[in-house]
There are 2 protein chains.
Amino acid sequence: MDSLDKKILRLLQGDATLAVSDVAKRIGLSTTPCWRRIQKLEEDGVIRRRVAVLDPARVNLGVTVFVAIRTNSHSIEWLRRLSEVVHDFPEVVEFYRMSGDVDYLLRVVVPSIAAYDAFYKRLIARIDIRDVSSSFAMEQIKYTTELPLDYVILDRSGSLPAI
Amino acid sequence: MDSLDKKILRLLQGDATLAVSDVAKRIGLSTTPCWRRIQKLEEDGVIRRRVAVLDPARVNLGVTVFVAIRTNSHSIEWLRRLSEVVHDFPEVVEFYRMSGDVDYLLRVVVPSIAAYDAFYKRLIARIDIRDVSSSFAMEQIKYTTELPLDYVILDRSGSLPAI
DNA sequence: GGTGAAACTCATGTGCA
DNA sequence: TGCACATGAGTTTCACC
């Protein structure tokens, strides 16, 4: 990946509807080579997908809850089971295995506290969890799918990546 | 919004490269009305944008950190300042105002612990924060931009939304 | 609301510096 | 690698139901 690829990624992260010719213009290239670069970024899996991002409020999902999970069962088997369950719940949009105090962290989106409670009951009905602690978000102040590209490692180029 | 709109959203959330004619076929409509529906969903702000989603690992962003912030300054002014600072850091991809124990929660993506430390120093150099607690994610098990559409409120239709 | 076709804009492929 | 041009596919607009 070189600095032109990085520019392409920056543009497409912001707006995936840009025509190849527009992207090409903005990075100072003609369409074919630009198109080939985009193809390669997709083949290489740097670009994973192109998606429509919806407004949560407009689809009745005003409430975000962070669910911290602590377990006794530190087995691969239990983790596998939890992953399976979590993947079955579309309300869970993010799921992390954590270091430290908390074992797992979920981000859950639902329309209301009542809906969260219903979700919670369905969750614990499917898997035994030692300790669950739910924190409600009052407001989503920033949410972006754009990753900072300042740390990208460029091939055969002079500029070193930040840290 | 009716059930056809909901189907459109479901498809485009998963793959925004689908041709309008494909979407139309799958929901049992011809292209023009389908195209008009998509336009309207965009105008109405239900579809906020179409973006390319990148693989964090491929752009050197292997480390996710959740940063819980507690403050003394429960003023609008301090919040405004924090928002400003956070929006200036592309490493912060999510930012919530929380209820309960923690006042604010950030999700930060960086290449390494060292990079996180550098980020942390730059952050506290720009705003005074009473208490910061950082939790490192070891593994991202699920991450999706697809919102559950099961709670959408449909106009003039028989089916009531879930909860 | 919906259909079908025309016009126009892109994405994609070939040939060549 | 890069550019310029051809063509087929997709988007967008139109007249009409």
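The chains referred to below are lettered A, B, ... by the order of the sequence lines, with proteins before strands, and numbering in each begins at 1. Nothing here was measured: the structure is a model prediction, and the numbers come from that model.
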Completion exercise
note: B:Arg50, atom CZ; D:dG10, atom C1'; distance rounded to Å ~ 13 Å

Problem - Under-4.0 Å side-chain N/O to phosphate OP1/OP2 contact, A:Trp35 with C:dT12 - result: yes

Handout entry: Nearest-Å distance for atom pair CE/P, residues A:Met1 and D:dT1
Key = 14 Å

Problem - Inter- and intrachain pairs under ring-ring contact (aromatic ring centres under 6.0 Å, His included), touching residues 120-150 of chain A, at least two apart - result: A:Tyr116-A:Phe136

Handout entry: Which residues share a salt bridge (Lys or Arg N to Asp or Glu O under 4.0 Å) with A:Asp128, sequence neighbours left out
Key = none

Practice task
Provide the full list of salt bridge (charged side-chain N to carboxylate O under 4.0 Å, His left out) pairs with a residue in residues 98-112 of chain B, sequence neighbours left out, each pair given once.
Solution key: A:Glu94-B:Arg107, B:Arg70-B:Asp101, B:Glu94-B:Arg107

Problem - ring-ring contact (aromatic ring centres under 6.0 Å, His included) contacts touching residues 36-67 of chain A (sequence neighbours left out) - result: A:Phe66-B:Tyr96

Handout entry: Length of the line joining B:Lys40:NZ and C:dG2:P, which is rounded to integer Å
Key = 13 Å

Problem - Nucleic acid contacts - residues 15-33 of chain B versus DNA chain C, non-hydrogen atoms under 4.0 Å - result: B:Leu29, B:Ser30, B:Thr32, B:Pro33

Practice task
Look at the rings of A:Tyr104 and A:Trp78 and say which category their plane angle falls in: under 30° parallel, 30 to 60° tilted, over 60° perpendicular.
Solution key: tilted

Problem - Contact under 4.0 Å: B:Arg37 side-chain N or O vs C:dG1 OP1/OP2 - result: no

Problem - Check: A:Arg36 side chain, C:dG13 base, donor-acceptor under 3.5 Å - result: no

Completion exercise
For residues 21-62 of chain B, the ring-ring contact (aromatic ring centres under 6.0 Å, His included) pairs (sequence neighbours left out) are none

Problem - Length of the CD1-P vector between A:Ile38 and D:dG2, whole Å - result: 13 Å

